[in-house]
Amino acid sequence: MLYFVSAWYLPNGIAREEMTLGQNVSFAIFRILTPIVWLVIMIRISKADVKGRDYMRYSFFAYCLHAPVIAFVKLFYEKFAVLGMMQNEALKYVIIVFLTYTICVLVAMFMKRYATPLWTLLNGGRK
């Protein structure tokens, strides 16, 4: 977790020419280590005995549908988020991601149950 939190302090958004030597080195090291860290995480996950849940079976459909759903959820969120705390960008991001995935899974479950031929076509025949 510490590794991923450290990305927050990287010189993101700064042109490479404007970075100091320390910023350039830290950015390069982070980018070199990221695939290694992800590999370790993926190996640990694959060795873990994770039981498949029903909502985990819709990843392809969620991947295909998430872009328009994000646009809709973001528009809805920005229109109706009136509380000061709800304007926090980090909270907004987490809420939008959660709602987007939830909507995609619910649409997939609905289509799988009530529009099976359309579901099969859109999902490429996956179960």
| said: Nearest 0.5 angstrom please: I96 CD1 to E78 CD, how far? | reply: 6.5 Å
| ILVMFWY cluster, I36 and I29 together (side-chain gap under 4.5 Å) | yes
| With a cut-off of 6.0 Å (strictly less than), are more than 12 heavy atoms of other residues, nucleotides or ligands near OH of Y101? | yes
| request: Return the minimal non-hydrogen interatomic distance between H66 and T100, and the atom names on each side. | output: O-CG2, 3.9 Å
| query | Just wondering, do M109 and V105 contact through their side chains at under 4.5 Å, heavy atoms? | reply | yes
| query | Which pair of non-hydrogen atoms, one from N123 and one from F60, has the smallest distance, and what is that distance? | reply | OD1-CD2, 3.4 Å
| field | Close side-chain approach of K112 to Y58, heavy-atom, < 4.5 Å | value | yes
| task | With the side chain counted from C-beta on, respond yes when D54 and R57 share a heavy-atom pair under 4.5 Å apart, and no when they do not. | result | yes
| field | Connected via hydrophobic side-chain network under 4.5 Å: V107 and Y63 | value | no
| task | Say whether Y77 and F72 are linked into one hydrophobic cluster, either directly or through other cluster members, by side-chain heavy-atom distances under 4.5 angstrom. | result | yes
| message | Ring centres under 6.0 Å, that's the criterion: do F110 and W119 meet it? | response | no
| Verdict with supporting geometry, L75 and K79, side chain to side chain contact (heavy atoms under 4.5 Å, CB included) | CA-CA 6 Å; L75 180 68; K79 192 87 163 164; 5.7 Å; no
| task | Please round to the nearest 0.5 Å and tell me the distance separating atom SG of C104 and atom CD1 of I70. | result | 8.0 Å
| query | Are there more than 12 heavy atoms of other residues, nucleotides or ligands under 6.0 Å from atom CE of M42? | reply | no
| Should M56 and I103 be counted in the same cluster of Ile, Leu, Val, Met, Phe, Trp and Tyr side chains packed under 4.5 Å apart? | yes
| message | In this structure, would L99 and L91 fall into the same cluster of hydrophobic residues linked by side-chain contacts under 4.5 Å? | response | yes
| request: Return the set of residues passing side-chain contact (heavy atoms from CB on, under 4.5 Å) with Y93 (not counting sequence neighbours), or none when no residue passes. | output: V97
